[in-house]
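Here the structure is laid out as C-alpha coordinates; the discussion comes afterwards.
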Amino acid sequence: MTENSSSKINETVSWVGRWTFVLAAAGSAVGLGNIWGFPYKAGTEGGGAFVLIYLLCILAVGLPIMMAEIMIGRRARKSPVNAMKIAAIDSGQSGKWQAVGWGGLISGILILSFYSVIAGICLNYIFISAFPNPEISSLTQFNEVTSSPLKLMFWHSIFIFLNILIISAGVISGIERMVRLLMPMLFILMMVMVINAMINGDFAKGLNFLFAPDFSQVDATTFLRAMGQAFFSLSLGMGSIMCYGAYMPQEENIFKTSLTVAGLDTVIAILAGLAIFPIIFAYGLEPGEGPGLVFISLLSVFVDMPLGNILGPAFFALLSIAALSSAISLLEPSVAYFEEEKIASRFSSALILGLSAWFIGIGSVLSFNDWSELEFIGGLNFLDSIDYLANQFLMPIGGMMVAIFAGWFFKPDLALEEFSGIQFYIFQVWRFFIKFVSPLLVATVFIYQLAS
Ligand code: PHE
(Lines give C-alpha, C1' and ligand atoms only; values in the text may rest on other atoms or scores of the structure.)
Protein backbone atom coordinates (compact mmCIF):
# COMPACT_ATOMS: atom_id res chain seq x y z
CA MET A 1 0.00 0.00 0.00
CA THR A 2 2.78 2.42 0.82
CA GLU A 3 4.48 2.91 -2.48
CA ASN A 4 6.85 5.32 -0.85
CA SER A 5 7.66 3.68 2.40
CA SER A 6 11.33 4.37 1.81
CA SER A 7 10.59 7.88 2.99
CA LYS A 8 9.91 6.48 6.39
CA ILE A 9 13.12 6.94 8.28
CA ASN A 10 13.34 4.36 10.98
CA GLU A 11 16.42 5.65 12.69
CA THR A 12 14.47 8.65 14.02
CA VAL A 13 14.27 8.82 17.79
CA SER A 14 11.29 7.27 19.45
CA TRP A 15 9.95 7.85 22.96
CA VAL A 16 11.17 5.07 25.21
CA GLY A 17 8.42 4.80 27.80
CA ARG A 18 4.98 3.60 26.84
CA TRP A 19 3.33 6.63 28.44
CA THR A 20 5.86 9.16 27.28
CA PHE A 21 3.93 10.39 24.29
CA VAL A 22 0.92 11.03 26.48
CA LEU A 23 3.05 12.73 29.13
CA ALA A 24 4.95 14.84 26.62
CA ALA A 25 1.86 15.85 24.66
CA ALA A 26 -0.03 16.55 27.88
CA GLY A 27 3.03 18.49 29.04
CA SER A 28 2.81 20.54 25.88
CA ALA A 29 -0.92 21.02 26.17
CA VAL A 30 -1.14 21.79 29.87
CA GLY A 31 0.39 25.19 30.41
CA LEU A 32 -0.31 28.82 31.08
CA GLY A 33 -3.29 28.39 28.77
CA ASN A 34 -4.96 26.06 31.28
CA ILE A 35 -4.00 27.49 34.63
CA TRP A 36 -3.72 31.18 33.83
CA GLY A 37 -5.75 31.60 30.64
CA PHE A 38 -8.73 29.27 31.06
CA PRO A 39 -9.84 30.49 34.51
CA TYR A 40 -9.62 34.16 33.60
CA LYS A 41 -11.42 33.64 30.30
CA ALA A 42 -14.12 31.53 31.98
CA GLY A 43 -14.28 34.32 34.53
CA THR A 44 -14.83 37.09 32.01
CA GLU A 45 -17.01 35.09 29.61
CA GLY A 46 -19.71 34.04 32.04
CA GLY A 47 -18.46 30.80 33.62
CA GLY A 48 -20.39 27.61 32.86
CA ALA A 49 -21.64 28.64 29.41
CA PHE A 50 -18.08 29.32 28.25
CA VAL A 51 -16.96 25.99 29.72
CA LEU A 52 -19.67 24.17 27.79
CA ILE A 53 -18.80 25.83 24.46
CA TYR A 54 -15.14 25.20 25.13
CA LEU A 55 -15.82 21.48 25.62
CA LEU A 56 -17.70 21.37 22.33
CA CYS A 57 -14.74 22.98 20.54
CA ILE A 58 -12.36 20.46 22.08
CA LEU A 59 -14.47 17.55 20.84
CA ALA A 60 -15.50 18.81 17.40
CA VAL A 61 -12.33 20.63 16.39
CA GLY A 62 -9.49 19.89 18.80
CA LEU A 63 -9.64 16.12 18.99
CA PRO A 64 -9.93 15.44 15.22
CA ILE A 65 -7.10 17.88 14.42
CA MET A 66 -4.91 16.44 17.15
CA MET A 67 -5.37 12.96 15.65
CA ALA A 68 -4.52 14.33 12.20
CA GLU A 69 -1.35 16.02 13.45
CA ILE A 70 -0.13 12.89 15.19
CA MET A 71 -0.95 10.80 12.13
CA ILE A 72 1.05 13.04 9.79
CA GLY A 73 3.99 13.39 12.18
CA ARG A 74 4.24 9.71 12.94
CA ARG A 75 3.92 8.64 9.34
CA ALA A 76 6.89 10.73 8.26
CA ARG A 77 8.84 10.60 11.54
CA LYS A 78 10.19 14.05 10.74
CA SER A 79 9.87 17.63 11.98
CA PRO A 80 6.63 19.34 10.86
CA VAL A 81 8.10 20.97 7.71
CA ASN A 82 9.36 17.69 6.32
CA ALA A 83 6.47 15.69 7.76
CA MET A 84 3.98 17.78 5.79
CA LYS A 85 6.14 17.52 2.70
CA ILE A 86 6.55 13.74 2.91
CA ALA A 87 2.89 13.17 3.76
CA ALA A 88 1.92 15.28 0.72
CA ILE A 89 4.34 13.64 -1.69
CA ASP A 90 3.36 10.15 -0.49
CA SER A 91 -0.24 11.08 -1.24
CA GLY A 92 0.67 12.29 -4.74
CA GLN A 93 0.30 15.96 -3.80
CA SER A 94 2.59 18.97 -4.06
CA GLY A 95 5.50 19.21 -1.64
CA LYS A 96 4.43 22.83 -1.15
CA TRP A 97 2.22 21.63 1.69
CA GLN A 98 5.38 22.04 3.73
CA ALA A 99 4.35 25.71 4.02
CA VAL A 100 1.99 24.55 6.79
CA GLY A 101 5.04 23.28 8.66
CA TRP A 102 6.89 26.54 8.11
CA GLY A 103 3.96 28.52 9.46
CA GLY A 104 4.14 26.29 12.52
CA LEU A 105 7.85 26.87 13.14
CA ILE A 106 7.34 30.63 12.95
CA SER A 107 4.32 30.54 15.26
CA GLY A 108 6.28 28.40 17.72
CA ILE A 109 9.08 30.96 18.04
CA LEU A 110 6.61 33.86 18.19
CA ILE A 111 4.51 32.22 20.89
CA LEU A 112 7.60 31.24 22.86
CA SER A 113 8.77 34.88 22.81
CA PHE A 114 5.85 36.19 24.87
CA TYR A 115 5.05 32.92 26.66
CA SER A 116 8.47 33.10 28.23
CA VAL A 117 7.89 36.62 29.53
CA ILE A 118 4.68 35.57 31.31
CA ALA A 119 6.30 32.34 32.52
CA GLY A 120 9.14 34.52 33.84
CA ILE A 121 6.62 36.49 35.89
CA CYS A 122 5.39 33.15 37.31
CA LEU A 123 8.94 32.23 38.30
CA ASN A 124 9.34 35.59 39.99
CA TYR A 125 6.05 35.08 41.86
CA ILE A 126 7.34 31.89 43.48
CA PHE A 127 9.59 34.19 45.51
CA ILE A 128 7.19 37.10 45.80
CA SER A 129 4.49 34.87 47.29
CA ALA A 130 6.96 33.22 49.66
CA PHE A 131 8.06 36.57 51.07
CA PRO A 132 5.19 38.98 50.38
CA ASN A 133 5.66 42.60 51.26
CA PRO A 134 2.77 43.36 53.67
CA GLU A 135 3.17 47.10 53.10
CA ILE A 136 1.94 47.09 49.51
CA SER A 137 -1.20 45.80 47.80
CA SER A 138 -1.01 42.94 45.33
CA LEU A 139 -1.85 45.36 42.53
CA THR A 140 1.05 47.60 43.45
CA GLN A 141 3.21 44.50 43.69
CA PHE A 142 2.21 43.42 40.18
CA ASN A 143 2.89 46.92 38.83
CA GLU A 144 6.24 46.93 40.55
CA VAL A 145 7.21 43.71 38.78
CA THR A 146 5.94 44.69 35.37
CA SER A 147 7.18 48.27 35.40
CA SER A 148 10.77 47.11 35.63
CA PRO A 149 12.19 46.00 32.26
CA LEU A 150 15.27 44.69 34.03
CA LYS A 151 13.33 42.43 36.38
CA LEU A 152 11.19 41.07 33.56
CA MET A 153 14.26 40.56 31.37
CA PHE A 154 16.02 38.70 34.14
CA TRP A 155 13.24 36.12 34.57
CA HIS A 156 12.53 35.93 30.85
CA SER A 157 16.21 35.09 30.30
CA ILE A 158 16.19 32.40 33.00
CA PHE A 159 13.13 30.79 31.48
CA ILE A 160 14.58 30.75 27.95
CA PHE A 161 17.84 29.41 29.33
CA LEU A 162 16.01 26.48 30.98
CA ASN A 163 14.36 25.73 27.66
CA ILE A 164 17.63 25.75 25.76
CA LEU A 165 19.14 23.48 28.38
CA ILE A 166 16.38 20.87 28.18
CA ILE A 167 16.04 20.95 24.40
CA SER A 168 19.75 20.68 23.78
CA ALA A 169 19.92 17.59 25.99
CA GLY A 170 17.79 15.87 23.34
CA VAL A 171 14.44 14.20 22.94
CA ILE A 172 15.04 11.29 25.30
CA SER A 173 17.45 12.64 27.88
CA GLY A 174 15.99 16.15 27.79
CA ILE A 175 12.30 16.16 27.00
CA GLU A 176 11.35 12.62 28.04
CA ARG A 177 13.21 12.85 31.34
CA MET A 178 11.77 16.26 32.14
CA VAL A 179 8.14 15.44 31.41
CA ARG A 180 8.34 12.24 33.43
CA LEU A 181 9.49 14.32 36.37
CA LEU A 182 7.41 17.45 35.82
CA MET A 183 4.01 16.00 34.96
CA PRO A 184 3.48 13.91 38.11
CA MET A 185 4.69 16.90 40.16
CA LEU A 186 2.17 19.06 38.40
CA PHE A 187 -0.65 16.65 39.19
CA ILE A 188 0.23 16.43 42.84
CA LEU A 189 0.53 20.20 43.21
CA MET A 190 -2.78 20.67 41.43
CA MET A 191 -4.51 18.27 43.79
CA VAL A 192 -3.04 20.14 46.75
CA MET A 193 -4.41 23.39 45.36
CA VAL A 194 -7.89 21.96 44.83
CA ILE A 195 -7.96 20.47 48.34
CA ASN A 196 -6.87 23.85 49.61
CA ALA A 197 -9.81 25.45 47.77
CA MET A 198 -12.16 22.91 49.38
CA ILE A 199 -10.88 23.80 52.83
CA ASN A 200 -10.28 27.53 52.53
CA GLY A 201 -12.64 28.51 49.74
CA ASP A 202 -16.33 28.70 48.91
CA PHE A 203 -16.28 25.47 46.95
CA ALA A 204 -20.02 25.29 46.23
CA LYS A 205 -19.99 28.74 44.69
CA GLY A 206 -16.93 27.86 42.62
CA LEU A 207 -18.60 24.70 41.33
CA ASN A 208 -21.74 26.58 40.52
CA PHE A 209 -19.83 29.27 38.66
CA LEU A 210 -17.99 26.74 36.51
CA PHE A 211 -20.80 24.32 35.83
CA ALA A 212 -24.11 26.19 35.90
CA PRO A 213 -24.30 27.74 32.44
CA ASP A 214 -25.57 31.30 32.25
CA PHE A 215 -26.22 31.90 28.59
CA SER A 216 -27.11 35.54 29.04
CA GLN A 217 -23.47 36.52 28.62
CA VAL A 218 -22.88 34.39 25.53
CA ASP A 219 -22.41 36.12 22.19
CA ALA A 220 -20.35 35.57 19.02
CA THR A 221 -17.12 36.51 20.76
CA THR A 222 -17.67 33.77 23.35
CA PHE A 223 -17.42 31.25 20.53
CA LEU A 224 -14.32 32.93 19.14
CA ARG A 225 -12.61 32.95 22.51
CA ALA A 226 -13.57 29.36 23.25
CA MET A 227 -12.26 28.14 19.90
CA GLY A 228 -9.01 30.13 20.16
CA GLN A 229 -8.56 28.83 23.68
CA ALA A 230 -9.14 25.23 22.49
CA PHE A 231 -6.41 25.56 19.82
CA PHE A 232 -3.98 27.21 22.14
CA SER A 233 -4.66 24.90 25.02
CA LEU A 234 -4.26 21.72 22.98
CA SER A 235 -1.10 23.12 21.29
CA LEU A 236 -2.65 22.63 17.85
CA GLY A 237 -2.07 24.28 14.51
CA MET A 238 1.60 25.01 14.97
CA GLY A 239 3.40 21.70 14.81
CA SER A 240 4.11 20.88 18.46
CA ILE A 241 1.85 17.86 18.53
CA MET A 242 2.90 16.85 15.00
CA CYS A 243 6.51 16.97 16.11
CA TYR A 244 5.90 14.90 19.24
CA GLY A 245 3.83 12.52 17.12
CA ALA A 246 6.96 11.89 15.05
CA TYR A 247 8.52 10.31 18.13
CA MET A 248 5.48 8.14 18.89
CA PRO A 249 6.08 4.39 18.64
CA GLN A 250 4.18 2.73 15.81
CA GLU A 251 2.18 0.39 18.03
CA GLU A 252 0.51 3.17 20.01
CA ASN A 253 -3.13 3.89 19.32
CA ILE A 254 -3.66 7.42 17.97
CA PHE A 255 -7.29 7.66 19.03
CA LYS A 256 -6.78 6.54 22.61
CA THR A 257 -3.72 8.69 23.16
CA SER A 258 -5.39 11.79 21.67
CA LEU A 259 -8.44 11.24 23.82
CA THR A 260 -6.24 10.89 26.89
CA VAL A 261 -4.25 14.03 26.11
CA ALA A 262 -7.33 16.14 25.35
CA GLY A 263 -9.02 14.71 28.45
CA LEU A 264 -6.05 15.47 30.72
CA ASP A 265 -5.79 18.98 29.31
CA THR A 266 -9.47 19.64 29.96
CA VAL A 267 -9.39 18.11 33.43
CA ILE A 268 -6.42 20.26 34.40
CA ALA A 269 -8.10 23.42 33.10
CA ILE A 270 -11.22 22.63 35.12
CA LEU A 271 -9.18 21.71 38.20
CA ALA A 272 -7.38 25.04 37.85
CA GLY A 273 -10.79 26.73 37.87
CA LEU A 274 -11.75 24.69 40.96
CA ALA A 275 -8.49 25.68 42.65
CA ILE A 276 -8.96 29.37 41.93
CA PHE A 277 -12.64 30.40 41.93
CA PRO A 278 -13.66 29.05 45.37
CA ILE A 279 -10.83 31.12 46.82
CA ILE A 280 -11.76 34.19 44.80
CA PHE A 281 -15.38 33.95 46.02
CA ALA A 282 -14.49 33.21 49.63
CA TYR A 283 -12.44 36.39 49.74
CA GLY A 284 -15.15 38.45 48.08
CA LEU A 285 -13.21 39.13 44.87
CA GLU A 286 -14.54 39.37 41.34
CA PRO A 287 -14.12 36.38 38.95
CA GLY A 288 -13.94 38.67 35.90
CA GLU A 289 -10.64 40.29 36.84
CA GLY A 290 -8.99 39.32 33.51
CA PRO A 291 -5.33 38.44 32.92
CA GLY A 292 -4.36 39.68 36.39
CA LEU A 293 -6.58 37.05 38.04
CA VAL A 294 -3.79 34.79 39.26
CA PHE A 295 -1.15 37.45 39.78
CA ILE A 296 -3.22 40.13 41.47
CA SER A 297 -6.30 38.45 42.95
CA LEU A 298 -4.71 35.20 44.03
CA LEU A 299 -1.63 36.86 45.47
CA SER A 300 -3.78 39.04 47.71
CA VAL A 301 -5.49 35.88 48.93
CA PHE A 302 -2.27 34.01 49.61
CA VAL A 303 -1.09 36.91 51.74
CA ASP A 304 -4.11 36.52 54.06
CA MET A 305 -4.48 32.77 53.97
CA PRO A 306 -3.14 30.35 56.59
CA LEU A 307 0.03 28.74 55.19
CA GLY A 308 -0.22 31.22 52.31
CA ASN A 309 3.53 31.61 52.11
CA ILE A 310 3.80 27.88 51.36
CA LEU A 311 0.69 27.46 49.21
CA GLY A 312 1.47 30.59 47.19
CA PRO A 313 4.91 29.42 46.08
CA ALA A 314 3.47 25.94 45.45
CA PHE A 315 0.87 27.43 43.13
CA PHE A 316 3.34 29.56 41.19
CA ALA A 317 5.77 26.64 40.98
CA LEU A 318 2.92 24.63 39.48
CA LEU A 319 2.33 27.36 36.94
CA SER A 320 6.03 27.56 36.09
CA ILE A 321 6.37 23.79 35.67
CA ALA A 322 3.34 23.68 33.40
CA ALA A 323 4.76 26.57 31.40
CA LEU A 324 8.16 24.94 31.03
CA SER A 325 6.84 21.64 29.69
CA SER A 326 4.77 23.62 27.16
CA ALA A 327 7.56 25.94 26.16
CA ILE A 328 9.91 23.10 25.25
CA SER A 329 7.33 21.92 22.75
CA LEU A 330 7.29 25.38 21.18
CA LEU A 331 11.01 25.22 20.54
CA GLU A 332 11.34 21.54 19.59
CA PRO A 333 9.76 21.68 16.09
CA SER A 334 12.23 24.25 14.77
CA VAL A 335 15.20 22.68 16.54
CA ALA A 336 14.24 19.28 15.09
CA TYR A 337 14.09 20.87 11.64
CA PHE A 338 17.51 22.54 11.95
CA GLU A 339 19.03 19.31 13.18
CA GLU A 340 17.38 17.21 10.49
CA GLU A 341 18.56 19.53 7.71
CA LYS A 342 22.02 19.59 9.27
CA ILE A 343 21.86 23.37 9.50
CA ALA A 344 23.42 23.19 12.97
CA SER A 345 23.97 20.74 15.82
CA ARG A 346 21.16 20.23 18.30
CA PHE A 347 22.85 22.43 20.86
CA SER A 348 23.58 25.26 18.43
CA SER A 349 20.06 25.05 17.00
CA ALA A 350 18.53 25.25 20.47
CA LEU A 351 20.79 28.20 21.23
CA ILE A 352 20.12 30.10 17.99
CA LEU A 353 16.37 29.55 18.01
CA GLY A 354 16.01 30.03 21.77
CA LEU A 355 17.92 33.30 21.54
CA SER A 356 15.74 34.43 18.64
CA ALA A 357 12.66 33.93 20.80
CA TRP A 358 14.47 35.67 23.65
CA PHE A 359 15.25 38.64 21.41
CA ILE A 360 11.68 39.00 20.10
CA GLY A 361 10.53 38.64 23.71
CA ILE A 362 12.26 41.92 24.58
CA GLY A 363 9.38 43.63 22.76
CA SER A 364 6.93 41.86 25.09
CA VAL A 365 8.96 42.83 28.14
CA LEU A 366 8.84 46.47 27.04
CA SER A 367 5.15 46.37 26.27
CA PHE A 368 4.53 46.25 30.04
CA ASN A 369 6.46 49.47 30.56
CA ASP A 370 8.50 51.64 28.13
CA TRP A 371 6.49 50.59 25.07
CA SER A 372 3.11 50.33 26.77
CA GLU A 373 1.79 53.18 24.64
CA LEU A 374 3.18 51.87 21.35
CA GLU A 375 0.61 50.25 19.12
CA PHE A 376 1.38 47.51 16.64
CA ILE A 377 -1.48 45.42 15.22
CA GLY A 378 -4.92 47.02 15.52
CA GLY A 379 -4.11 49.28 18.44
CA LEU A 380 -2.57 46.47 20.51
CA ASN A 381 0.77 46.65 22.27
CA PHE A 382 3.65 44.42 21.20
CA LEU A 383 2.87 41.43 23.43
CA ASP A 384 -0.83 41.47 22.62
CA SER A 385 -0.09 41.88 18.91
CA ILE A 386 2.12 38.80 18.80
CA ASP A 387 -0.39 36.92 20.92
CA TYR A 388 -3.17 38.00 18.55
CA LEU A 389 -1.19 37.13 15.43
CA ALA A 390 -0.28 33.66 16.67
CA ASN A 391 -3.51 32.73 18.47
CA GLN A 392 -6.20 34.20 16.33
CA PHE A 393 -4.44 33.95 13.00
CA LEU A 394 -1.52 31.54 12.60
CA MET A 395 -2.80 28.72 14.81
CA PRO A 396 -6.38 28.54 13.47
CA ILE A 397 -5.13 28.78 9.87
CA GLY A 398 -2.48 26.15 10.57
CA GLY A 399 -5.09 23.88 12.18
CA MET A 400 -7.53 24.39 9.36
CA MET A 401 -4.88 23.60 6.74
CA VAL A 402 -3.95 20.41 8.61
CA ALA A 403 -7.64 19.44 8.67
CA ILE A 404 -8.09 20.19 4.96
CA PHE A 405 -4.94 18.29 4.09
CA ALA A 406 -5.76 15.28 6.26
CA GLY A 407 -9.39 15.15 5.15
CA TRP A 408 -9.12 15.90 1.45
CA PHE A 409 -5.58 15.29 0.25
CA PHE A 410 -3.96 12.65 2.44
CA LYS A 411 -4.57 9.19 0.98
CA PRO A 412 -7.20 7.37 3.05
CA ASP A 413 -5.30 4.07 2.89
CA LEU A 414 -2.23 5.75 4.39
CA ALA A 415 -4.44 7.20 7.11
CA LEU A 416 -5.91 3.76 7.74
CA GLU A 417 -2.42 2.38 8.22
CA GLU A 418 -1.76 4.88 10.98
CA PHE A 419 -5.16 4.11 12.45
CA SER A 420 -4.51 0.39 12.64
CA GLY A 421 -5.94 -1.13 15.78
CA ILE A 422 -8.72 1.46 15.86
CA GLN A 423 -12.31 0.40 15.10
CA PHE A 424 -13.37 1.25 11.57
CA TYR A 425 -16.40 3.27 12.64
CA ILE A 426 -14.13 5.55 14.72
CA PHE A 427 -12.04 6.08 11.61
CA GLN A 428 -15.16 6.99 9.66
CA VAL A 429 -16.39 9.41 12.30
CA TRP A 430 -12.94 11.00 12.35
CA ARG A 431 -12.95 11.31 8.54
CA PHE A 432 -16.30 13.04 8.63
CA PHE A 433 -15.16 15.50 11.26
CA ILE A 434 -11.78 16.24 9.72
CA LYS A 435 -13.27 16.69 6.25
CA PHE A 436 -16.30 18.79 7.06
CA VAL A 437 -16.98 19.71 10.65
CA SER A 438 -13.57 20.90 11.90
CA PRO A 439 -12.51 23.01 8.89
CA LEU A 440 -15.96 24.56 8.54
CA LEU A 441 -16.15 25.47 12.20
CA VAL A 442 -12.69 27.01 12.15
CA ALA A 443 -13.49 28.88 8.95
CA THR A 444 -16.72 30.24 10.40
CA VAL A 445 -15.03 31.47 13.51
CA PHE A 446 -12.21 32.89 11.47
CA ILE A 447 -14.49 34.82 9.13
CA TYR A 448 -16.45 36.17 12.08
CA GLN A 449 -13.24 37.31 13.60
CA LEU A 450 -12.11 39.18 10.53
CA ALA A 451 -15.53 40.70 10.07
CA SER A 452 -15.80 41.90 13.64
N1 PHE B 1 -0.86 24.55 25.18
C2 PHE B 1 -0.04 25.45 25.88
C3 PHE B 1 -0.80 26.10 27.01
O4 PHE B 1 -1.95 25.84 27.21
C5 PHE B 1 0.56 26.51 24.98
C6 PHE B 1 1.15 25.98 23.73
C7 PHE B 1 0.63 26.37 22.52
C8 PHE B 1 2.20 25.09 23.75
C9 PHE B 1 1.12 25.86 21.36
C10 PHE B 1 2.71 24.57 22.58
C11 PHE B 1 2.16 24.95 21.39
O12 PHE B 1 -0.28 26.91 27.72
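Indexing begins at 1, ligand by ligand and atom by atom, following the structure's order.
Counting only N and O atoms by type, the side chains of Ser116 and Trp358 include no donor and acceptor under 3.5 Å apart. Defined by atom type and a distance below 3.5 Å, a donor-acceptor pair is missing between the side-chain atoms of Ser28 and Ser326.
Nearest-residue assignment for atom 2 (C) of ligand 1 (options Ser28, Gly33, Ala25, Cys243; heavy-atom criterion): Ser28.
Between Ser258 and Met67, the closest heavy-atom pair is OG-CG, 3.3 Å. Annotation for Asn34 and Val30: closest pair OD1-CA, 3.3 Å, computed over non-hydrogen atoms. Here the closest heavy-atom approach between residue Gly62 and residue Leu236 is recorded as O-CD1, 3.3 Å.
Proximity of a side-chain donor or acceptor of Ser385 to a complementary backbone N or O of Leu380 within less than 3.5 Å is detected.
Each of the following atoms of ligand 1 lies closer than 4.0 Å to a heavy atom of Leu32: 12 (O). Heavy-atom proximity to Ala29, at under 4.0 Å, picks out these atoms of ligand 1: 1 (N), 2 (C), 3 (C), 4 (O). Close contacts of ligand 1 with Asn34, meaning ligand atoms under 4.0 Å from a residue heavy atom, involve 4 (O). Numbered from 1 in the order shown, with element, the atoms of ligand 1 that lie under 4.0 Å from a heavy atom of Tyr115 read 2 (C), 3 (C), 5 (C), 12 (O). Residue contact check: Ser233 has heavy atoms under 4.0 Å from atoms 1 (N), 4 (O) of ligand 1.
In this structure, Trp36 falls outside the shell of residues with a heavy atom less than 4.0 angstrom from ligand 1.
Residues Arg346 and Glu340 are not paired through a salt bridge, judged by the lack of any N-O separation under 4.0 Å between the basic side chain and the carboxylate.
Annotation: atom 8 (C) of ligand 1 to nearest protein heavy atom, Ser235 OG, 3.4 Å.
At a heavy-atom cutoff of 4.0 Å, ligand 1 is contacted by both the backbone and the side chain of Phe232.
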